[in-house]
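Have a look at the structure below before the remarks.
For the single chain, residues carry numbers from 1 onward in sequence order.
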Amino acid sequence: KKQQDVYDRLETKEPHPFWQFNFGKDVVQGWARLVLCSLLLFLSGGLCASAGIGGNIIQVTVLMSGGGLTTTDAVPLSKVVILLGALGSLLVHSSNRRPGAASGPAICWDTIRVAVPACLLGTSLGVRLNSRIPDSLLIFLLTVFLFCIAVGVIRRAISMYYEETAAANSSGKIGRA
C-alpha cells in the first residue's frame, strides 16, 4: 500500500518535504538495492573523477537502474552526488601544483571562471525543466546522450590506440622480444 502511495505521489509530481523521513518496510526491504546503488555510485564517481568529468548523466543512470529511482528523483539527487564529488576533488587538488609548472595551483581558475557560469545556468535550466518534461522524454534524451558519449569515447580510444601504436612503431619497441 505504501509503495503504491509513493508511485501515486510521483505521478502527480507532488513535492515531498525532505525533512519528513518516512522510513518503512520499503526502505528496510530495499537494503540490497541501496548497497548496490551505493557501490555503483562509488565506482562510477571514482571513474568520473579520475577522468576529470562531472559524470552527471552517468550518476542519473546509476540512480535509475541501480537505485530504482524515477527520473524526477534521480536528476536532483545526482546534483548532490556531483556536488559532494566536486568538493572532494577541490580539497584534494587545491594544494597540488600543476604538473610541469614551477609554481601555481593544479586548478586553472581562469577556466573555472569561464565554465562555471555556463554549467550553473544549464543546471538551473535542467532542474526547472525536470518537473515539466515527461519521464519518457527524459529517458529518451538520457539514452541519446549516453549513446553520443559512448561513441565519442570509443572514437577517442581508437584514435589514442593508433597514436600510441604509431609512436611505439617509430621508436622500434614493437616486434622486439
- Task: Indicate, with yes or no, if Val144 and Ile133 share a hydrophobic cluster defined by side-chain heavy-atom contacts under 4.5 Å among Ile, Leu, Val, Met, Phe, Trp and Tyr.
- Result: yes
- Query: Are Leu146 and Ile154 linked, directly or through other ILVMFWY residues, by side chains that come within less than 4.5 angstrom of each other?
  - Reply: no
- Query: Are Leu125 and Leu142 linked, directly or through other ILVMFWY residues, by side chains that come within less than 4.5 angstrom of each other?
  - Reply: yes
- Query: Okay, side chain of Thr143, backbone of Ile139: is any donor-acceptor separation there less than 3.5 Å?
  - Reply: yes
- Rounded to the nearest 0.5 Å, the CZ atom of Arg113 sits from the CG atom of Asp110 at a distance of 5.0 Å
- Message: To the closest 0.5 Å, what do you measure between CD (Glu163) and CZ (Arg156)?
- Response: 5.5 Å
- Query: Going hydrophobic residue to hydrophobic residue with side-chain gaps under 4.5 angstrom, can you get from Leu120 over to Ile112?
  - Reply: yes
- Hey, could you give me the CG/CG distance between Leu41 and Leu84, rounded to the nearest 0.5 Å? 11.0 Å
- Task: Check each of Leu83, Leu63, Ile58 against Ser78 using the side chain to side chain contact (heavy atoms under 4.5 Å, CB included) test, and report the only one that passes.
- Result: Leu63
- In one Ile/Leu/Val/Met/Phe/Trp/Tyr side-chain cluster, 4.5 Å: Met64, Leu43: no
- Message: With rounding to the nearest 0.5 angstrom, report the CG to CG distance, Leu141 to Leu137.
- Response: 4.5 Å
- State, with a plain yes or no, whether a side-chain heavy atom of Arg155 is found less than 4.5 Å away from one of Val151. yes
- Message: Would you say that Leu77 contacts Gln59 through its side chain, given a criterion of any heavy-atom pair below 4.5 Å between the two side chains?
- Response: no
- Measure the CG-OG distance between Leu40 and Ser65 for me, rounded to the nearest 0.5 Å. 7.0 Å
- Item | Straight-line distance of Leu47 CG to Phe42 CZ, nearest 0.5 Å | 10.0 Å
